[in-house]
Number of protein chains: 2
Amino acid sequence: MLPTDLIKGSLKTIILKLLEENGRMYGYEITRKVEELTAGKIKLTYGALYPVLHKLESEGVLITEPENFNNRIRIYYLLTPHGHSVVTEKLKELSEFIESLQLIVESKPGLNHA
Amino acid sequence: MLPTDLIKGSLKTIILKLLEENGRMYGYEITRKVEELTAGKIKLTYGALYPVLHKLESEGVLITEPENFNNRIRIYYLLTPHGHSVVTEKLKELSEFIESLQLIVESKPGLNHA
DNA sequence: TATAATATATAAGTTGTTTATATATTGCAA
DNA sequence: TTGCAATATATAAACAACTTATATATTATA
């Protein structure tokens, strides 16, 4: 498993992307999906996940749809129209970030330390 | 410029990678180099940079070589043997992280919301 | 009957950042 | 010659965000 500090800044974007891709999801499902997609390398903790979801809701990025499934409460989250544009923006940022990281990781030494 | 929260978790690895690639660097030089490599998309703040450098020094990952250049003090940082193995490890983690992010970003919808 | 999996939630503690501030020299432009 | 930008390091206070621990409750499995 990857160290959690790496994931920190991308947590919100990951959640938003999954919501856009899957229509609507509940919290527990999001953690399962992330583990599945990354072969267990990324695991979200609930202490991080729920506060982020609640914040996104308060910002009008997503809305909730509580449902009952087998006497268990499932709170589905889905993007608002505003949320969709936020996802687009965040995904663009994430792509640029990944590109920038690769530029650094693949950089060759300068000529300044011959 | 990219939002700083994205960069957070990768800061240490970025610094270590640049030190390995360039032999030795001083703090100001590191910030210049990161801006140069990423076309201004990533900018390190000194309030983040120096504490990280000092911590890496206290952990035995790097050592310092203060030098005088034009009456200005430059504190060069260079990796210890231990530091080199840390870089290798951190870069591997970062690569896995990037791969994981791409798996999520490129993921297609599940069949569960027909 | 006990444990694992499912499902959400929050508070306390920790960590790590931003922002503001301090200090000092060199080079350039007005 | 005065002031500003660039160079160069450093730290404290404030803030943000995460981890860890804890709480609650149902269903499925051993």
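What you see is a predicted model; the values in this text were computed from it and never measured. Naming convention: chains lettered A, B, ... in sequence-line order (proteins, then strands); numbering from 1 in each chain.
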In whole angstroms, the gap separating P of D:dT7 from NZ of B:Lys33 amounts to 14 Å

Rounded to whole Å, CD of A:Glu65 lies from P of C:dT8 at a distance of 14 Å

- Using a strict 4.0 Å threshold on nitrogen-to-oxygen distance, state whether B:Glu106 and A:Lys17 make a salt bridge. no

Look at the side-chain N and O atoms of B:His54 and state whether any lies under 4.0 Å from the OP1 or OP2 oxygen of D:dT9.
-> no

From CG of A:Leu53 across to P of C:dA7 the rounded distance in Å is 15 Å

Winner on side-chain proximity to A:Arg32, out of D:dA8, C:dT6, C:dT26, is C:dT6

Review point. Is it true that A:Lys55 and A:Glu59 make a salt bridge, defined as a side-chain N closer than 4.0 Å to a carboxylate O?
Key: yes

The residue among B:Glu57, B:His54, B:Arg24 that forms side-chain hydrogen bond (donor to acceptor under 3.5 Å, both in side chains) with B:Thr64 is B:Glu57

Practice prompt. Verify, without hydrogens or angle tests, whether A:Thr31 (side chain) and A:Leu44 (backbone) share a donor-acceptor contact under 3.5 angstrom.
Written response: no

Sub-3.5 Å pairs of nitrogen or oxygen atoms, protein against nucleotides 18-24 of chain D:
from	atom 1	to	atom 2	distance (Å)
D:dC18	OP1	A:Lys8	O	3.1
D:dT19	OP1	A:Thr4	OG1	3.2
D:dT19	OP2	A:Thr45	OG1	2.9

Among the nucleotides D:dA28, C:dG27, C:dT6, whichever has the atom closest to the side chain of A:Arg72 is C:dT6

query: Does CD1 in B:Ile73 sit with more than 12 non-hydrogen atoms of other residues, nucleotides or ligands closer than 6.0 Å?
result: no

A:Leu6 CG to C:dG16 C1', in whole Å, measures 14 Å

Rounded to whole Å, the OH-C1' distance (B:Tyr28 to D:dA10) equals 16 Å

**Q.** Any B:Asn71 side-chain N or O less than 4.0 Å from OP1/OP2 of C:dA24
**A.** no

Which of A:Val87, A:Leu91, A:Val52 passes side-chain contact (heavy atoms from CB on, under 4.5 Å) with A:Leu16? Answer is A:Val87

Separation of D:dA8 atom C1' from B:Asn68 atom CG, nearest Å, is 12 Å

Testing C:dA9, C:dG16, D:dT11 for proximity to the side chain of B:Tyr50, the answer is D:dT11

Here the distance between atom P of C:dT8 and atom NZ of A:Lys55, to the nearest Å, is 21 Å

Taking C:dT25, D:dA17, D:dA28 as options, the one with an atom nearest any side-chain atom of A:Asn70 is D:dA28

>> Does D:dT9 have OP1 or OP2 under 4.0 Å away from a side-chain N or O of B:Tyr26?
In response: no

- Query: Honestly, is B:Arg32 close enough over B:Tyr28, meaning NZ or CZ under 6.0 Å from the six-membered ring centre and within 45° of the axis?
  - Reply: yes

So what does A:Tyr76 hit on the nucleic acid, given a heavy-atom distance under 4.0 Å: a base, only sugar-phosphate, or nothing? nothing

Atom CG of A:Leu44 and atom C1' of D:dA17 are separated, to the nearest Å, by 14 Å

Exercise. Should B:Arg74 be listed as having a side-chain N or O under 4.0 Å from OP1 or OP2 of D:dA8?
Worked result: yes

